[in-house]
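The figures here come from the full heavy-atom set of this structure, side chains too, leaving out hydrogens, waters and symmetry mates. In what follows, residues are counted from 1 in the order of the sequence shown. Keep in mind it's a predicted model, so treat the numbers as computed, not measured.
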Amino acid sequence: MILDATLPDGSGFDLCRKIRKTSKVPIMFLTAADEETDIIMGLDMGGDDYITKPFKLTVFLSRLNALLRRSENFSQAGEELNSNGIKVRLLTRKFTQNGMPLGLTAGELISGPLRWTASRGRA
């Protein structure tokens with residue numbers, strides 16, 4: 001899971017803390033919050049890695065691959081996240097809303113929060 005420290009409806013740090021209560025899913029912070037205290041807080045509350053913006057895409061991909069290699073127990077668990085009709089299959093990167101597939105592009109997955117609309121499902 002990739003989290004930003006600042007989310008539109010709360011803190012990525014708080015979300016990380018909640019996720020850690022029930023899941024061992026790998027968590028990487030990818031954020032502009034580059035203060036030493038932010039980095040320490042993100043890692044101490046359960047983040048597995050912390051990358052500050054701006055970053056080089058090749059470095060991000062290498063660190064993401066390293067994190068996934070270290071997460072053998074997670075890959076065996078086959079974990080899913082469910083919330084308000086949205087299901088995320090973490091290992092296969094499949095996303096559904098109320099049973100309907102969400103065709104998310106790579107850009108949508110890393111560009112920020114999704115905005116939902118009734119007419120298109122997402123915008």
Item to check | Within-4.5 Å side-chain heavy-atom neighbours: Met28 and Ile51 | outcome: yes
What is the minimum heavy-atom distance between [X] and [Y], and which atoms define it?
| X | Y | value |
| --- | --- | --- |
| Asp4 | Ala32 | OD1-N, 4.5 Å |
| Leu15 | Leu7 | CD2-CD1, 4.0 Å |
| Ile86 | Gln97 | CG1-CG, 4.0 Å |
| Gly47 | Cys16 | N-SG, 3.7 Å |

Spacing of [atom1] belonging to [X] relative to [atom2] belonging to [Y], to within rounding of 0.5 Å:
| X | Y | atom1 | atom2 | result |
| --- | --- | --- | --- | --- |
| Glu35 | Ile40 | CD | CD1 | 11.0 Å |
| Met45 | Ile27 | CE | CD1 | 10.5 Å |
| Tyr50 | Asp38 | OH | CG | 4.5 Å |
| Met41 | Phe13 | CE | CZ | 4.5 Å |
| Leu61 | Leu57 | CG | CG | 4.5 Å |
| Ile39 | Thr52 | CD1 | OG1 | 6.0 Å |

Checklist entry - Between Asp48 and Arg63, does at least one N-O distance fall below 4.0 Å, as a salt bridge requires? => result no
Next on the checklist: Check whether Arg20 reaches the backbone of Ser23 with its side chain - one donor and one acceptor, N or O, closer than 3.5 Å.
Outcome noted: yes
Checklist entry - Can any side-chain N or O of Ser62 pair as donor or acceptor with the backbone N or O of Thr58 at less than 3.5 Å? => result yes
Next on the checklist: Does the plane of the ring in Phe55 sit parallel, tilted or perpendicular to the ring in Phe60? Use 30° and 60° as the thresholds.
Outcome noted: tilted
Checklist entry - Within a radius of less than 6.0 Å around NZ of Lys53, do more than 12 heavy atoms belonging to other residues, nucleotides or ligands occur? => result yes
Next on the checklist: Before you tell me yes or no, could you show the steps for Leu102 and Thr96 under side-chain contact (heavy atoms from CB on, under 4.5 Å), namely the whole-Å CA-CA distance, both residues' side-chain angles and the distance that decides it to 0.1 Å?
Outcome noted: CA-CA 5 Å; Leu102 296 174; Thr96 58; 5.7 Å; no
